[in-house]
Amino acid sequence: MEKQQDLTPSEIVEKLDQYIIGQTNAKRAVAVALRNRYRRLKLPEEIRDEVAPKNILMIGPTGVGKTEIARRLAKLCGAPFLKVEATKYTEVGYVGRDVESMIRDLMAVGINDVKAEMEEDLKEKSVSLVEEKLLDLLLPGSGDVKKKEEDKGAILGNIFGDNAKNLPAEVKKEDENKIAEDNSTREKFRQWLREGKLEDREVEVTVKPNGNGMPNMEIIAGGSIEDLENSMQGIVNMINGGGRSKKRNMKIRDARKVLTEETLENLVDRDKAVDIAKERVQQSGIIFIDEIDKIAVHNDAHGGTVSREGVQRDILPIVEGSNVNTKWGVIDTTHILFIAAGAFSMSKPSDLIPELQGRFPLRVELESLHKEEFKRILTEPKNSLTMQYTKLMETEGVTLDITEDAIDRMSYIAEDVNAKAENIGARRLHTIMEKVLDEISFDADKHNGETIKVDAAYVDSKLNEVAANEDLSRYIL
């Protein structure tokens, strides 16, 4: 994967174009924000810390690509990425999670990413180790020859002293024969193992619990009630034996997976993984705060106003830059990039408290999608909707022929229903395609080997009655 330093803003936009239709302004804004982070890292140290990330506020209806832009951006640069909903946070004293938990969650994502990379690098090394463990399970007590020879030398040395090398010939011969026999058997099994002849052989494997068997005590570092509940559940599981290893009988193919995971877990340098993840989170982490309009305070609002404004004030220091305690150490949020998004249909960005508004200097308005965009969404992106449904049907031996006029008709209906009912953007296409292909999907096994043509007439036969009835379309489409 290309990292962010290899991508100019125009190249970033080109990459995003492969997955997201339209919204050029939003793509340009995030591309520049991403490139600026790379530029900042090349600055002299005395200037670098002064350059703060330019956080972005995306404004637009649901289903137009806000979340997808942020998610694809994080994948492009390999940065730790977390999506959260502003509505699940509440100020201290109200039910909900504290806002600092977003940083702890981001750190957990970063560590998982780094561990996955390290495990990928160590996979080749783990193969031989896992093979030896499997052979030990298949031939208990065999071990490797070198260890046996060392053990033999130590034992005989204890018995015969320094003259162990002058042992009686029959003792040496018997021992050498035993080693040769063990070695021959082990090598024979190794060959069968590599050829896949033992995949269905059952062995007894000691399965260790996930993690270290200890409950998560992050509550000490400032967790919420939810974190406390998780910790208490961990304690209960440990008391009930959840932290002890268990022996299970499983086939070699399954044992290999278990032993590979266990071996990689032991090979990974956890302290190093934490250090790398911490640096990544602090320097290139991205947090996408969705539904931020839901915590905006309306001028004429009454109930819940205090709580919503409280959440904003709690989010403010995180976005401004503060130190957050986690079980992996203190995380500085100063250079984390925050992308906030909301429809702002019932409120305005100016309804946010002024301090929070000031922390999102880049404002991008995403446009509503229309018929032409829907047509492009159905056909142009990698793994487009039409391709997804075509591939799904191919698994049943059914060939779907979705014609151009069918795509045109579905795009028109999506635009029409969005205009008459709630505007849910491109998500409307999922609903329409499911409705159009419902019968084909249900009876796919009966049409094995057939080609089914989906044209405008077919779309009309499935949707005309629903689309024409405005009240009905509100419920069904």
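Index from 1, following the sequence. As the structure is a prediction and not an experimental result, all values here were calculated from the model.
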Query raised in the report: So, Glu261 side chain and Val258 main chain: donor-acceptor pair closer than 3.5 Å or not?
Result: no
**Report entry** Exceeds 12 heavy-atom contacts within 6.0 angstrom, atom CZ of Arg248
**Finding:** no
Query raised in the report: Closest approach of Val330 and Gln282, non-hydrogen atoms and distance?
Result: O-OE1, 3.8 Å
Query raised in the report: Strictly by modelled atom types, are Asn36 and Arg39 linked by a side-chain donor-acceptor pair under 3.5 Å?
Result: yes
Requested in this report: For the pair Arg313 and Glu309, find out whether any cationic side-chain nitrogen is under 4.0 Å from an anionic carboxylate oxygen.
Outcome: yes
Query raised in the report: Is the shortest side-chain N to carboxylate O distance from Arg280 to Asp113 below 4.0 Å?
Result: no
Query raised in the report: Does the pair Asp98/Arg104 count as a salt bridge with the N-to-O cut at 4.0 Å?
Result: yes
Report summary line: Exactly one candidate in Thr403, Asp460, Asp455 meets side chain to side chain donor-acceptor pair (under 3.5 Å) with Arg409; the answer is Asp460
Query raised in the report: When you check the gap from the basic side-chain N to the acidic O, do Arg71 and Glu68 get nearer than 4.0 Å?
Result: yes
Query raised in the report: Does the Arg40 side chain pair with the main chain of Arg48, one donor and one acceptor, at a distance under 3.5 Å?
Result: yes
Report task. In plain terms, say whether Arg270 and Glu265 are close enough for a salt bridge, that is, a side-chain N and a carboxylate O under 4.0 Å apart. Result -> yes
Query raised in the report: Just wondering, more than 12 heavy atoms not from Glu365 lying within 6.0 Å of its CD?
Result: no
Query raised in the report: Would you say the side chains of Tyr389 and Glu434 form a donor-acceptor pair under 3.5 Å?
Result: yes
Report summary line: So CD1 of Ile452 and CG of Asp443: to nearest 0.5 Å the spacing works out to 9.0 Å
Query - Pairing of Lys88 and Glu85 as salt bridge, 4.0 angstrom limit - result: no
Query - From CA spacing to verdict: side-chain contact (heavy atoms from CB on, under 4.5 Å), Leu366, Lys66 - result: CA-CA 8 Å; Leu366 284 85; Lys66 300 188 295 292; 3.7 Å; yes
Report summary line: In terms of heavy-atom contacts, Glu367 and Val64 come closest through O-CG1, 3.6 Å
Query raised in the report: Around Glu46, counting heavy atoms of other residues, nucleotides and ligands shown, do more than 12 lie under 6.0 Å from its CD?
Result: yes
Query raised in the report: Quick one: does Glu373's side chain have a donor or acceptor within less than 3.5 Å of a partner on Ile21's backbone?
Result: no
Query raised in the report: Of all heavy-atom pairs between Leu400 and Met393, which one has the smallest distance, and what is that distance?
Result: CD1-CG, 3.6 Å
Query raised in the report: Would you say the side-chain atoms of Arg363 pair up with the backbone N or O of Leu57, donor to acceptor, closer than 3.5 Å?
Result: no
Query raised in the report: Hey, are Lys462 and Glu439 close enough for a salt bridge, meaning a charged N less than 4.0 Å from a carboxylate O?
Result: yes
Query raised in the report: Near Arg28 CZ, under 6.0 Å, is it more than 12 heavy atoms from other residues, nucleotides or ligands?
Result: no
Query - Least distance between heavy atoms, Phe360 atom then Phe338 atom - result: CE2-O, 3.7 Å
Report task. Please assess Tyr458 against Ile402 for the test side-chain contact (heavy atoms from CB on, under 4.5 Å), listing each intermediate value before the final yes or no. Result -> CA-CA 10 Å; Tyr458 186 91; Ile402 302 175; over 6 Å; no
Requested in this report: Could you tell me whether Lys27 and Glu14 make a salt bridge, using a distance below 4.0 angstrom between a side-chain N and a carboxylate O?
Outcome: no
Query raised in the report: Would you say the side-chain atoms of Arg37 and His335 include a donor-acceptor pair closer than 3.5 Å?
Result: no
Report task. Assess the side chains of Arg428 and Asn418: does a donor N or O sit below 3.5 Å from an acceptor N or O? Result -> yes
